[in-house]
*Asks:* 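Below is the structure I would like to discuss, written out as structure tokens.
These numbers were taken from a predicted model, which means no experiment stands behind them. Numbers for residues simply follow the sequence, beginning at 1.
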Amino acid sequence: EIEAARKARERAQQRQQAAEAERRRLISLGRSVEDPQVLAARQRAEAAEAEADRLRKEQEAAIRRAQQLKEFEERERRAKEEARRLREGL
């Protein structure tokens with residue numbers, strides 16, 4: 001068991017070294033190299049940021065609609081009040 005664990009560690013280390021050598025080779029050729037985990041994390045972060053932006057825009061639009069509604073209701077109230085005063089004054 002100890003020998004098997006040691007060999008497994010050695011194989012993992014060899015795979016890691018080979019991957020690192022390949023990464024260095026690609027970089028030396030001028031190619032962009034991204035770790036798959038880093039790429040996946042970046043994609044998740046960008047997706048979360050896009051969702052937050054979308055929600056923020058929806059919230060801003062809802063606030064604008066509420067403000068407009070309030071403004072029009074106030075205009076309606078003032079116009080009705082003026083109409084009432086004019087009717088009573090006649």
Side-chain angles (χ1 to χ4, degrees):
E1 289 181 27
I2 294 173
E3 184 64 21
R6 183 184 64 77
K7 287 186 179 189
R9 277 194 311 273
E10 287 176 0
R11 285 192 302 273
Q13 186 177 15
Q14 288 171 350
R15 281 193 304 270
Q16 187 176 10
Q17 288 171 345
E20 180 61 23
E22 177 65 8
R23 188 181 75 76
R24 283 194 300 265
R25 184 184 74 77
L26 290 173
I27 289 172
S28 72
L29 295 173
R31 295 195 182 146
S32 176
V33 178
E34 270 197 74
D35 182 325
Q37 287 180 317
V38 172
L39 178 60
R42 180 172 55 91
Q43 290 171 340
R44 288 191 309 272
E46 289 172 353
E49 289 168 345
E51 175 71 2
D53 287 343
R54 183 186 66 76
L55 292 171
R56 190 173 13 267
K57 287 177 184 176
E58 284 181 10
Q59 184 180 36
E60 289 169 356
I63 290 169
R64 278 193 305 276
R65 283 191 304 274
Q67 288 171 337
Q68 287 176 334
L69 181 60
K70 183 178 178 182
E71 178 185 329
F72 288 127
E73 288 172 343
E74 179 60 23
R75 284 174 54 188
E76 177 188 21
R77 186 193 62 73
R78 285 194 312 259
K80 284 182 176 181
E81 178 63 26
E82 183 179 1
R84 185 187 61 75
R85 280 196 318 272
L86 290 170
R87 273 194 306 272
E88 290 174 357
L90 291 177

*Asks:* Between K70 and E74, does at least one N-O distance fall below 4.0 Å, as a salt bridge requires?
*Replies:* no
*Asks:* Does CD belonging to Q16 count more than 12 external heavy atoms closer than 6.0 Å?
*Replies:* no
*Asks:* Would you say E73 and L69 make side-chain contact, with heavy atoms under 4.5 Å?
*Replies:* yes
*Asks:* Any Lys/Arg nitrogen of E76 or K80 sitting under 4.0 Å from an Asp/Glu carboxylate oxygen of the other?
*Replies:* yes
*Asks:* Heavy atoms, side chains only, cut-off 4.5 Å: are E60 and I63 in contact?
*Replies:* no
*Asks:* Taking side chain as C-beta onward, heavy atoms only, is Q17 less than 4.5 Å from Q13?
*Replies:* yes
*Asks:* Give a yes or no on whether a salt bridge exists between R25 and E22, defined as a side-chain N under 4.0 angstrom from a carboxylate O.
*Replies:* yes
*Asks:* Working to the nearest 0.5 Å, report the span between CD of E10 and CD of Q14.
*Replies:* 6.5 Å
*Asks:* Salt bridge between R77 and E81, side-chain N to carboxylate O under 4.0 Å?
*Replies:* no
*Asks:* Looking at residues at least two apart in the chain, or sitting in another chain, which of them share a salt bridge (charged side-chain N to carboxylate O under 4.0 Å, His left out) with R64?
*Replies:* none
*Asks:* Can you tell me if CZ on R6 sees more than 12 non-hydrogen neighbours from other groups inside 6.0 Å?
*Replies:* yes
*Asks:* Taking the basic N atoms (NZ, or NE/NH1/NH2) and the acidic carboxylate oxygens, is any pair closer than 4.0 Å for E82 and R85?
*Replies:* no
